[in-house]
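Proteins get letters first, then strands, A, B, ... in listed order; numbering begins at 1 in each.
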Amino acid sequence: MLGHDPLFVFPKDKLVEEGSNVTICYVSRIHQDNISCYLEGVQIYGEQLDRSVSAFELKNVSFIREKGTNVFCKVDQGGVLGGIVLFVSKVLEEPKDFSCETQDLKTLTCTWDPGSDTGLTKQPSQSYTLFESFSGKKTLCKHRNWCDWQVAQDSQETYNFTLLAENYLRKRSVSILFNLTQRVHPMTPYNLLPKNVGATEATMTWKVHSIGNNSTLLCQLELLAEGKVIQQSNVSIKVNGEYLLSELEPDTEYVARVRCAYTNHFWKWSELISQKFNTAEAAPSEAPDVWRNLKMVSGHPTVSLFWKPLSKVHANGKILFYNVIVENLDKPSRFEVLSIPAPASSTELTLDQCSYQIHVTAHNSVGPSPASVIVVSGDPENEEVEQGRVNGTEDGFSVSWKPQSGDATGYVVEWCDGPQDLPCVLQWKNLGPNTTSTVISSGDFRPGVRYNFRIYGISTKRMAHLLEKKAGYLEELAPSDNPQVVMSRLTSHSFTLSWKDYPTESQPGFIQGYHVYLKPKAGEQCHPAFEKTVLPEDSVCCKYTIDNPEQKTFVVENLQPESVYEFIVTPYTSVGEGPLDAFTKVTTPDEYSHTLIHIILPMIFCILIVMIICYLKSQWLKEKCYPDSPNPYKSSVLSLIKSKENPHLTIMYVNDCVPDAIEVINKPEGSKIQFLGTRKSPTETEFTKPACLYLLPTEKNYSGPGPCICFENFTYNQAASDFASCGHFPVTPQAPPHQLGPLTSPENLLKALEQNYMNSLGEIPAGEANLNYVSQLASPTSGDKDSLPTNPPEPALCSEYKMQTAIPLGLASAPPSENSSLSSTTLLGQGEHCR
Amino acid sequence: MRAQCMRRTPLSVILGLLFLSMTATSKCLGKYHELLLQLRRQADLMQDTSTLLDPYIHIQGLDTPGLKEHCRECPGAFPSEDALRGLSRQGFLQTLNATLGLVLHRLTALCQDLPEAQQLVGLNIRGFRSNIHCMSQLLRSSSEAETPEPTQPGPGPTPPPTPPSDAFQHKLKSCRFLHGYHRFMHSVGQVLQEWGESRSRSRSRSRRHSPCRAPGDTALARPCRGGARRTWPFRRDRRLMPRGQLPR
């Protein structure tokens with residue numbers, strides 16, 4: 001038995017039921033102690049019976065797999081392996097729900113719930129045998145949960161079946177006793193068809209499989225619409241069934257279904273058979289619900305007609321178009337017919353001032369609906385109706401109104417579903433004449449949106465009159481935004497706030513007023529009109545409440561000059577106020593600033609006026625103050641002289657002078673004088689600075705300081721310092737007093753200059769016609785070193801004079817006198833020492 | 001389970017017969033490289049352990065420590081890679097064909113254990129053998145002008161069914177067999193890879209060596225015992241016998 005295996009484990013391939021206790025042993029030929037045994041990889045511990053035999057008891061074994069539970073032993077380091085497969089079968093269960101039935105009284109079909117499959121590699125699945133005790137017949141079932149049994153031809157009515165389930169380990173059985181005719185389960189009916197389908201009626205036909213001879217079946221016909229059973233009928237038939245369905249809706253889809261049962265003894269309904277069908281269309285049964293909206297377009301009354309699509313129940317088919325007939329009541333012979341294809345639900349009519357009766361009908365393929373009639377007038381509606389408020393609830397808006405005085409045939413409540421800033425989707429609700437309140441509900445209503453309702457009364461002439469207007473919120477909310485506040489009239493003690501553009505009607509609640517918050521400067525108390533409050537961020541604030549929503553200005557007063565304040569204006573509704581987030585800062589000015597402004601502004605204005613005048617009189621000023629060519633007669637020197645009223649000072653006229661000699665002394669910086677005799681251009685004559693004129697005596701030996709007259713050359717803007725540099729005038733002592741005298745005085749000098757100037761204008765005497773006229777020369781802007789004289793003048797303390805000078809041509813080329821020790825040039829002969 | 005297996009058998013038989021008829025009637029690929037590529041791809045597919053070995057180990061509960069390591073190929077059950085490499089091309093193909101025939105037979109016995117995988121692998125093996133047939137024809141036609149191949153003995157008779165062993169031994173033997181089968185197909189793929197690399201060398205070697213007969217012993221069915229080694233009679237040439245010894 002053990003064979004030659006070094007490690008023999010047994011029993012091999014044992015088959016047990018789940019929950020059994022199993023003992024497993026091994027016999028080892030190698031007599032080692034290091035043999036371990038495992039159950040599905042988990043080590044198990046047993047009892048060592050002797051040195052080479054050990055036993056392991058497995059209790060309550062469970063099913064793991066069809067291929068068996070692996071139990072093996074091995075020598076720990078020898079590679080020797082021995083094992084077994086323990087086949088654990090599930091416990092065979094008793095068949096449940098065992099029953100038999102027949103569909104045709106010829107074959108019985110028995111079914112049951114077999115429970116768990118006990119099949120293993122070692123054991124096939126359990127088998128089932130059907131045994132009938134009265135006939136003593138039995139059959140081995142081919143399927144594990146059903147079995148067919150042929151009904152005997154000897155009219156056996158009662159059957160006693162025993163179902164036997166068995167496997168290698170166990171048998172289980174269950175029995176039933178029944179009468180065959182009480183176990184008839186008819187087959188499913190077939191050929192269920194609609195016949196003669198109209199708008200409100202249809203006939204259903206079907207067939208059934210016959211059961212035996214002349215057997216009757218009870219069939220149940222159900223009619224379903226939109227998944228719900230709306231009609232149920234029972235019909236007894238043999239083979240063919242038929243039933244007339246009535247009270248059907250036109251153009252509606254229905255489902256008819258039929259099931260049947262054996263009439264002699266009800267056992268089970270057959271399976272259902274279903275069939276869909278559609279009823280035919282009929283003319284719409286109800287007039288469309290019509291409403292209108294009147295408005296003036298380009299001066300013409302325009303009516304917008306709206307109608308609601310007919311419900312499926314009333315449309316009785318697919319609406320193809322709407323007919324709108326407009327009848328002029330003032331001119332009854334005039335009609336206008338409009339055909340508007342579906343699914344349009346509105347149209348617009350332009351009318352005149354007449355009254356019109358409008359008929360609207362809906363048409364399907366069968367015909368028109370009853371007409372909906374409405375009368376409109378071209379006169380504008382009376383909008384002078386005060387607007388009230390309406391409260392919103394969870395169910396909607398509860399709108400009520402005063403009944404119309406007189407005979408009203410009904411009322412209409414009109415509103416827009418969307419917010420005010422969206423295009424209006426006009427909605428309306430028709431109400432009876434005795435109704436004075438209604439609840440307007442809509443899934444489109446939103447909290448925080450203002451809805452406006454208009455209640456119309458319908459007169460007996462089918463004309464609508466506006467009765468009331470109401471506005472309300474389904475749920476009021478606190479304002480989400482604050483108004484844009486404009487601050488003005490800022491003074492040291494007050495400023496004005498204004499928010500006139502704030503639209504109260506588009507807010508998420510009825511605006512009840514405004515709160516003006518003012519943050520005072522530190523330590524300052526709130527004004528008595530203000531209320532002290534604490535803001536959410538724990539800062540103290542003064543609050544003023546404006547309880548009039550139409551008041552949109554506020555003057556903040558009693559402020560301190562030169563102080564910083566912060567303010568905010570927030571509206572409030574019944575729910576709360578707007579956000580307190582963005583305060584605006586304002587600084588009050590000091591008390592005198594406005595006074596200063598009253599002074600400074602006029603001053604600036606005056607200065608501006610003066611500047612403008614000066615600008616306009618600039619030419620006059622130029623000639624007056626700084627002419628291009630100095631005019632001695634217009635020189636300021638004259639005014640100076642006159643102003644000083646010095647009788648000893650006068651202008652020296654040239655004609656009055658006896659020219660002796662004029663010496664022009666070059667400046668020490670190397671300025672040079674070019675004479676006409678040198679044939680140089682006068683423009684080449686350079687002077688570095690405005691010069692003074694020195695009147696020199698003819699005495700050669702004169703070397704001491706003498707009187708010197710220095711003329712300021714206004715053209716060259718002689719600096720005062722240059723005057724100061726005129727420390728001496730080298731005047732010849734032998735000069736005649738009559739010549740010297742006048743020249744030594746400013747008056748004489750000016751006179752001479754005047755005369756010279758007059759000569760230069762063409763009043764030169766004939767005897768002097770040969771004089772060349774030398775104009776004043778400006779200082780060169782750039783030095784020309786090459787043109788400098790070979791003997792540059794010696795530096796002198798006085799500057800040269802650049803007055804216009806008449807120079808005899810004969811002298812122009814005379815060489816410089818040797819007496820001119822200061823490198824001066826003698827220009828004139830005797831008697832011509834004035835310029 | 002047996003009934004289930006029996007139900008599947010007709011389908012597999014029909015598919016197998018259909019495949020065999022296709023191989024018998026269909027024209028072989030005349031291009032050597034295309035045929036070789038197809039053989040190599042099939043060998044790659046058949047060496048994949050997820051097709052047979054892995055599901056078998058899982059179903060039988062052998063994927064536990066202590067058992068899995070005993071699921072190793074028995075030395076001598078299948079020709080080693082060296083032995084295959086040492087064969088002539090015709091000899092290699094004949095050996096391959098005969099070995100796969102035995103594998104197919106053994107897989108039929110495993111039908112109860114691996115009903116679905118066995119069916120798929122059976123189809124693969126039949127297709128592979130068809131390509132072996134074509135390759136053998138191709139090689140034979142090219143070598144007819146040269147030295148004629150000696151007649152190859154066909155595979156031996158189908159081994160008689162082994163005496164019924166216990167279920168535990170049966171599990172291990174089947175597991176080892178499948179392991180050996182996948183290893184063998186891996187070796188076949190390696191040899192076919194070399195064929196593609198050097199056909200001329202293979203030809204010369206084919207001429208140099210004498211053909212060997214196909215395996216026909218019952219090594220596949222024998223239990224794997226420690227130290228037991230079997231030789232695979234690839235060749236009549238005694239000189240080459242050691243090369244036919246099966247690897248461990």
Task: Steps toward side chain to side chain contact (heavy atoms under 4.5 Å, CB included) verdict (B:His58, A:Arg65) - done: CA-CA 11 Å; B:His58 178 69; A:Arg65 67 176 74 84; over 6 Å; no
Open item on the list: Please check this pair: side chain of A:Asp13 against backbone of B:Asp166, looking for a donor-acceptor N/O pair closer than 3.5 Å.
Closed with: no
Open item on the list: Is B:Leu62 close to chain A through its backbone or its side chain, or both, or neither, when contacts mean heavy atoms under 4.5 Å?
Closed with: both
TODO: Give a yes or no on whether the backbone of B:Thr64 and the side-chain of A:Asn70 come within a donor-acceptor separation of less than 3.5 Å.
DONE: no
- [ ] Examine whether an atom of A:Val42 lies under 4.5 Å from a heavy atom of chain B, and if so say whether it belongs to the side chain, the backbone or both; otherwise answer neither.
- [x] neither
Open item on the list: More than 12 heavy atoms of other residues, nucleotides or ligands under 6.0 Å from CD of A:Glu57: yes or no?
Closed with: yes
Task: Side-chain donor or acceptor of A:Lys12 paired with backbone N/O of B:Phe168 under 3.5 Å - done: no
Task: Atom NZ of A:Lys268: over 12 foreign heavy atoms under 6.0 Å - done: yes
Task: Heavy-atom contacts under 4.5 Å, residues 80-102 of chain A to chain B - done: A:Leu81, A:Gly82, A:Gly83, A:Ile84, A:Val85, A:Phe87
Task: Option that, when pairs with chain A are counted at under 4.5 Å, heavy atom only, ranks first among B:His170, B:Glu69, B:His70 - done: B:His70
